[in-house]
Amino acid sequence: MPSLSFPRSAALCLVVLGIVPASRGDQTFPPATWQPSSSPLASPQAEPGGKFSQWLSQFPKSFNYYLDNNVGSSQIFGLMFENLMSINELTRDFEPALAKQWRVSDDKLTITVQLDERAKWSDGRPITAADVVWTFDAIMKPENLTGSHKVGLDKFASVRAEGEHTVVFTAKEVHWRNLVSVGTFQVLPKHWWEQQDFNKVNFGFPVVSGPYEMGELKEPNYLRMRKRQDYWAADWPQNQGMLNFDEIEFRFYPDDDMAYDAFKTGAYDFISVYISHRWVEGTKIEQVEKNWIVKQRVANHNPLGFQGFAFNLRRDKFKDVRVRQAIALCLNREEFNRTLMFNQYFLHRSYWEDLWSAAKPCPNPLIPFDPDQARKLLDEAGWVPNPATGIREKEGVALKITFLERDASSSKFVLPFREVLKNVGIELSINQTDWAGWTREMNEYNFDMTWAAWGASIFNDPEGSWHSKWVKEPSGNNITGFANPEVDALIDGMREEFDAEKRNETIRKIDRILAAEIPYVLLWNRSHHRLLYWNKFGMPEHVLGAIDDEAAAKRFFWLDPDQEADLQAAMEAKLPLPPRPATVTFDEVFKSQPGQVPAVK
């Protein structure tokens with residue numbers, strides 16, 4: 001698996017990653033020497049036009065990413081609305097987007113942002129400081145269900161407009177993340193949104209600033225997004241060769257099986273494979289064997305998240321760590337990996353796998369499969385089997401758990417887990433719902449246990465998921481309700497730490513505490529992307545970017561008319577196409593400049 005060590009070569013990069021040089025007065029970015037340039041990640045052979053379609057997810061509760069914090073809604077929302085700043089994924093520097101310049105005060109409490117006067121909404125109105133202030137206020141309103149997005153922005157005492165194109169962010173405290181928070185929230189048009197009930201804006205966004213706008217929506221099947229011909233930044237050098245398609249279609253299916261069956265027929269173009277059996281056995285089909293569909297493994301520097309069965313620690317039955325340990329001991333991860341996943345995964349022992357390496361090996365133990373030890377722990381915790389039912393009880397309350405499940409494909413793991421739990425005296429029932437239903441329940445933390453998977457960021461920040469101040473915030477990321485004074489103190493102690501490696505050392509301490517406290521039954525992961533796509537596209541040799549996940553395909557791919565014609569002819573003649581590389585490792589095909597990007601290890 002990759003071990004990431006981010007570059008620290010430029011002053012701007014130092015600010016982004018929170019490593020600010022010693023105080024030397026106000027600092028203005030980007031530096032005077034900065035000039036916009038085309039991305040070396042984009043192919044000069046890219047051609048505009050055509051359509052790209054991909055499976056996204058089940059139909060979500062909302063396309064409003066502020067209300068539905070998931071990767072699917074993030075992709076849709078991110079095509080329509082822009083941040084104040086962008087991130088150069090090779091240097092990790094902040095670069096202009098809606099903001100053309102920003103200044104950080106000597107005391108690091110004030111960030112002054114100058115908007116680009118050229119920036120316009122799709123209805124022709126200029127993007128102004130009033131839009132930025134309104135968006136900030138909307139996110140922070142207690143009645144708006146923007147829980148996870150409040151984290152970071154809550155560090156600001158005020159955000160005010162000074163004229164039409166200047167915004168001043170004044171922080172309550174010095175915090176390493178303040179510039180990241182300013183740079184990475186998406187700005188909304190005040191003149192349209194102020195007329196709406198924020199919590200009910202889900203599937204209609206008539207005024208946007210980004211390169212795409214909503215086209216046809218057929219609920220719950222697909223959303224088609226149209227490329228805007230009047231996008232204000234379309235001619236920027238850094239946008240050339242990127243987002244080449246006239247139309248991007250997102251397909252929605254109730255489960256993975258239906259999605260894959262549709263993909264094999266050519267109903268859409270691109271799918272990322274999350275099920276090992278499908279990757280190993282399900283691709284033994286003519287379309288793949290004849291290279292009509294490309295099967296490709298891609299490794300890059302994409303930060304590694306985690307997944308697990310989350311406990312709701314707000315429930316009394318999970319307060320005792322021995323109960324959580326016992327439940328974790330009932331999950332046979334090794335057998336699942338061997339029998340169901342073809343040993344394609346490594347087993348999690350950390351919430352931040354990227355922070356551990358050969359030089360800093362992870363000390364957290366792998367939790368074994370040990371039902372006998374689980375019984376001993378439950379006995380110690382005072383949960384005694386009822387002779388009549390076999391279910392353990394304590395003070396007259398039976399140890400019963402409801403598992404909130406959103407995907408039927410999870411059953412092959414959850415059902416065997418349920419049987420082991422039953423054998424140790426725990427009753428597990430399954431509440432099967434869809435993505436929208438799961439999200440509604442999770443917004444109010446109405447669950448006992450559930451399967452949750454989290455992405456990661458180049459900015460390691462444990463606050464939103466692990467600080468107790470967010471336990472009661474609806475729609476937040478602290479879904480487990482984790483509250484630990486020692487962890488709170490460690491997170492609070494990071495606020496003024498501008499050295500990223502020192503912050504990471506604190507996070508390693510937090511990781512060790514979490515491993516002992518078991519807020520999740522950690523599962524498994526992999527350090528590469530598994531892609532399938534119909535063989536009609538051009539793309540750079542590296543396929544994805546330096547730190548991207550599979551969602552970046554629509555940024556880098558383009559429709560190749562010659563390749564599309566070759567595909568059609570090969571299918572009609574039942575002939576194979578030449579193979580493409582089965583494995584692509586970013587560093588082997590992309591030659592970066594010194595100091596740009598570390599090697600994939």
Side-chain angles (χ1 to χ4, degrees), residues 11-12 14-16 18 20-21 23-34 36 66 81-87 93-142 144 146 149-196 198 207-210 232-233 236 495-496 498:
L12 180 57
L14 299 181
V15 173
V16 172
V20 178
S23 178
R24 61 187 186 197
D26 292 3
Q27 298 179 65
T28 300
F29 304 98
T33 56
W34 181 85
Y66 283 128
F81 298 104
E82 297 172 286
N83 301 336
L84 290 175
M85 307 168 198
S86 62
I87 296 174
D93 294 353
F94 269 146
E95 294 184 346
L98 291 178
K100 67 176 183 179
Q101 190 179 75
W102 50 97
R103 185 175 71 252
V104 181
S105 65
D106 182 39
D107 63 7
K108 302 181 180 68
L109 289 173
T110 304
I111 301 171
T112 303
V113 174
Q114 298 292 330
L115 298 179
D116 195 316
E117 296 87 349
R118 298 170 295 175
K120 295 184 181 298
W121 298 110
S122 56
D123 62 1
R125 294 198 189 190
I127 298 174
T128 68
D131 295 314
V132 178
V133 174
W134 186 90
T135 303
F136 173 88
D137 290 342
I139 294 169
M140 296 310 298
K141 279 186 178 180
N144 288 342
T146 55
H149 300 277
K150 290 179 168 70
V151 180
L153 294 179
D154 71 313
K155 306 297 186 295
F156 292 93
S158 67
V159 178
R160 70 181 190 279
E162 289 189 355
E164 196 166 345
H165 295 105
T166 303
V167 188
V168 180
F169 293 79
T170 303
K172 302 172 187 175
E173 60 188 16
V174 175
H175 198 291
W176 70 268
R177 202 184 190 281
N178 284 347
L179 183 60
V180 177
S181 299
V182 168
T184 55
F185 79 94
Q186 290 158 313
V187 178
L188 305 175
K190 174 186 176 182
H191 64 277
W192 186 83
W193 283 75
E194 67 180 351
Q195 309 297 323
Q196 317 300 319
F198 190 95
V207 182
V208 302
S209 71
W232 72 276
W236 283 19
R495 289 178 299 186
E496 297 188 31
F498 286 85

- [ ] Determine yes or no for a side-chain-to-main-chain donor-acceptor pair under 3.5 angstrom, with D26 supplying the side chain and D106 the backbone.
- [x] yes
Open item on the list: How close do I127 and H165 get, counting heavy atoms only, and between which atoms?
Closed with: O-CD2, 4.0 Å
Task: No-hydrogen, no-angle side-chain donor-acceptor test under 3.5 Å, D93 and W34 - done: no
- [ ] Please answer whether the main-chain N or O of T128 pairs with a side-chain N or O of D131 as donor and acceptor at a distance below 3.5 Å.
- [x] yes
TODO: Indicate the atoms forming the closest heavy-atom contact of E82 with W232, along with that distance.
DONE: OE1-NE1, 2.9 Å
Task: L179 versus W102, closest heavy-atom pair with distance - done: CD1-CD1, 4.0 Å
Open item on the list: Testing the basics here: between V182 and I111, what is the closest heavy-atom pair and its distance to 0.1 Å?
Closed with: CG2-CD1, 3.9 Å
Task: Heavy-atom side-chain contact between V187 and F81 under 4.5 Å - done: no
Open item on the list: Less than 4.5 Å apart, side chain to side chain, heavy atoms only: is that true for P189 and W121?
Closed with: yes
Task: V207 side chain near W193 side chain, heavy-atom distance below 4.5 Å - done: no
TODO: Please check if the side chain of N178 supplies one atom and the backbone of E173 the other of a donor-acceptor pair under 3.5 Å.
DONE: yes
TODO: For T135 and L188, indicate whether the former's side chain and the latter's backbone hold a donor-acceptor pair under 3.5 Å.
DONE: yes
TODO: Answer yes or no: is there a donor N or O on one side and an acceptor on the other, between the side chain of N144 and the main chain of T146, under 3.5 Å?
DONE: no
Open item on the list: I need the minimum non-hydrogen distance between P96 and S86, along with the two atoms involved.
Closed with: O-OG, 3.4 Å
TODO: Decide yes or no for Y66 and F185: does some side-chain heavy atom of the first lie under 4.5 Å from some side-chain heavy atom of the second?
DONE: yes
Open item on the list: Donor-acceptor check, side chain of K150 to backbone of K141, threshold 3.5 angstrom: yes or no?
Closed with: yes
Task: Over 12 non-hydrogen atoms of neighbours within 6.0 angstrom of NZ in K172 - done: yes
Open item on the list: Could you tell me if the side chain of V159 sits less than 4.5 Å from the side chain of V167, heavy atoms only?
Closed with: yes
Open item on the list: Would you say that T110 contacts F169 through its side chain, given a criterion of any heavy-atom pair below 4.5 Å between the two side chains?
Closed with: no
TODO: Search all heavy atoms of A97 against all heavy atoms of N83 and return the closest pair with its distance.
DONE: CB-O, 3.4 Å
